[in-house]
Amino acid sequence: LARRDKKNLALLGEECGVPVPEQIVVRDLRGALAAARRIGWPVFIKGQYYDARLADGADSLTEEASAILANWGPPLIVQQPVAGPEFDVLGVGDGRGGTLGMCAIRKTHLSNKGKGIGAVTVRDPRLEEASRRVVEALAWHGPFELEWILGPDGYTLIEMNPRFPAWVDFPSQLGANFATAWMEELLGNRPAPLPVLPPGRFFLRHQIQVVGEIGRLASLLAETGDLLASGYEIRPYPTLASAPGLLAGLDSHRPTPTP
């Protein structure tokens, strides 16, 4: 697990023979500023476990690095940006250098945090071979996510995560259920290799607005027990008409804490 740690990306790249961006691991803001000046602006500031923020100068680096330190603590990773389209590969390693399957996508839509909210499946032998080299070198056993950038000289590995990405449900809808395969592996059932998905299949994450009565929402929450752990008793209203003073007399209609 430590060999794939974000702060050890350079060592992983050398071991696997795949390009990785320059990065420097530091403990505090002073070290981050020095690392950024050495690499050259702009730089990405990353937490050890999560978060990546772009900084284009000392002021923005101070702000972004301070936020990451507050959320995740040290160390900080100062990484050189790589220009090019982003690709993602998810899979399940079998612990012997192989995989139960992989699925590669090119991100087509990004959120304001740089997360992929839209993508299309791709097949590129160069990407697949580079991903296999990483899994083989680690003899990885379990879910993984490999993040790549395609530049003029090929694919650069910017991160490996020891988990499924948020879009893991996407390939399951195309006949490749990676989560189920991993559970079968954990149960010792020797799952069959997952099918290779054809290129050109896409997903696009979006939001919908659900409209209904407040009483129905309270009933659903009560039925699922989502709020029971908070120590509140939910008293659903059959209809809004039955609670004409809901807004004017909010205090009288608040959920009552239970002992």
Side-chain angles (χ1 to χ4, degrees), residues 1-16 18-36 38-39 42-56 60-82 86-93 95 99 102-105 107 110-117 119 130-131 133-135 137-149 155-170 178-179 182-183 185-186 205:
L1 190 63
R3 291 165 63 202
R4 52 99 344 237
D5 195 293
K6 293 181 182 182
K7 64 179 181 289
N8 296 327
L9 182 64
L11 294 176
L12 178 61
E14 183 178 354
E15 183 178 0
C16 302
V18 298
V20 298
E22 180 182 1
Q23 69 175 33
I24 301 173
V25 181
V26 300
R27 301 290 301 180
D28 52 29
L29 289 177
R30 179 179 296 181
L33 286 167
R38 175 178 167 181
I39 293 174
V43 295
F44 274 108
I45 308 298
K46 293 187 171 185
Q48 181 177 5
Y49 303 110
Y50 186 75
D51 216 343
R53 306 183 182 209
L54 189 66
D56 58 6
S60 61
L61 182 144
T62 299
E63 178 181 353
E64 304 297 1
S66 296
I68 292 176
L69 285 171
N71 289 331
W72 303 103
L76 291 168
I77 300 165
V78 184
Q79 188 178 87
Q80 173 192 32
V82 180
E86 299 184 28
F87 292 77
D88 223 13
V89 177
L90 77 75
V92 177
T99 71
M102 294 193 301
C103 176
I105 60 167
K107 297 179 183 179
L110 301 177
S111 70
N112 59 353
K113 290 187 176 293
K115 303 298 182 182
I117 57 175
S131 298
R133 288 208 300 269
V134 175
V135 176
L138 294 172
W140 189 256
H141 193 205
F144 65 83
E145 176 194 25
L146 298 169
E147 299 184 44
W148 303 86
I149 300 288
Y155 288 95
T156 296
L157 178 65
I158 61 171
E159 199 165 289
M160 177 182 181
N161 293 308
R163 53 159 174 76
F164 287 128
W167 54 274
V168 63
D169 182 54
F170 166 55
F178 286 83
W182 174 231
M183 290 303 299
E185 174 77 2
L186 288 174
R205 194 171 298 135

Minimum heavy-atom distance between Ile158 and Trp148, given as atom pair plus value: CG1-N, 4.5 Å
Thr156 versus Pro21, closest heavy-atom pair with distance: CG2-CD, 3.6 Å
Heavy-atom pair of closest approach, residues Lys6 and Tyr49: NZ-O, 3.3 Å
Side-chain donor/acceptor of Trp72 to backbone N/O of Pro75, under 3.5 Å: no
Any side-chain heavy-atom pair of Val92 and Phe164 under 4.5 Å: yes
Spacing of Glu159 atom CD and Asp88 atom CG [to the nearest 0.5 Å]: 9.5 Å
Side-chain touch Ile68/Arg53, heavy atoms, less than 4.5 angstrom: yes
Inter-residue atom distance Arg205.CZ - Asp169.CG, 0.5 Å rounding: 9.5 Å
Shortest non-hydrogen contact from Ala137 toward Glu15: O-OE2, 3.7 Å
For Ile105 against Ala119, the heavy-atom pair lying closest together: CD1-CB, 3.5 Å
Point-to-point distance, once rounded to the nearest 0.5 Å, from OH of Tyr155 to CD of Glu147: 14.5 Å
Side-chain heavy-atom pair Phe144, Leu138 within 4.5 angstrom cut-off: no
Heavy-atom check, side chain of Leu90 versus side chain of Trp167, under 4.5 Å: yes
Approximate separation, where rounding is to 0.5 Å, of Glu64 CD and Phe44 CZ: 11.0 Å
Interatomic spacing from CG in Asp56 to CG in Leu61 - rounded to 0.5 Å: 9.5 Å
Heavy-atom pair of closest approach, residues Leu29 and Thr62: CD2-O, 4.0 Å
Intermediate values then yes/no, side chain to side chain contact (heavy atoms under 4.5 Å, CB included), Leu110 and Glu86: CA-CA 10 Å; Leu110 301 177; Glu86 299 184 28; 3.8 Å; yes
Point-to-point distance, once rounded to the nearest 0.5 Å, from CG of Leu157 to CG of Leu146: 6.0 Å
Ile77 side chain reached by Leu9 side chain, heavy atoms, under 4.5 Å: no
Within residues 19-32 or reaching into it, pairs that qualify as side chain to side chain donor-acceptor pair (under 3.5 Å) - sequence neighbours excluded: Gln23-Gln79
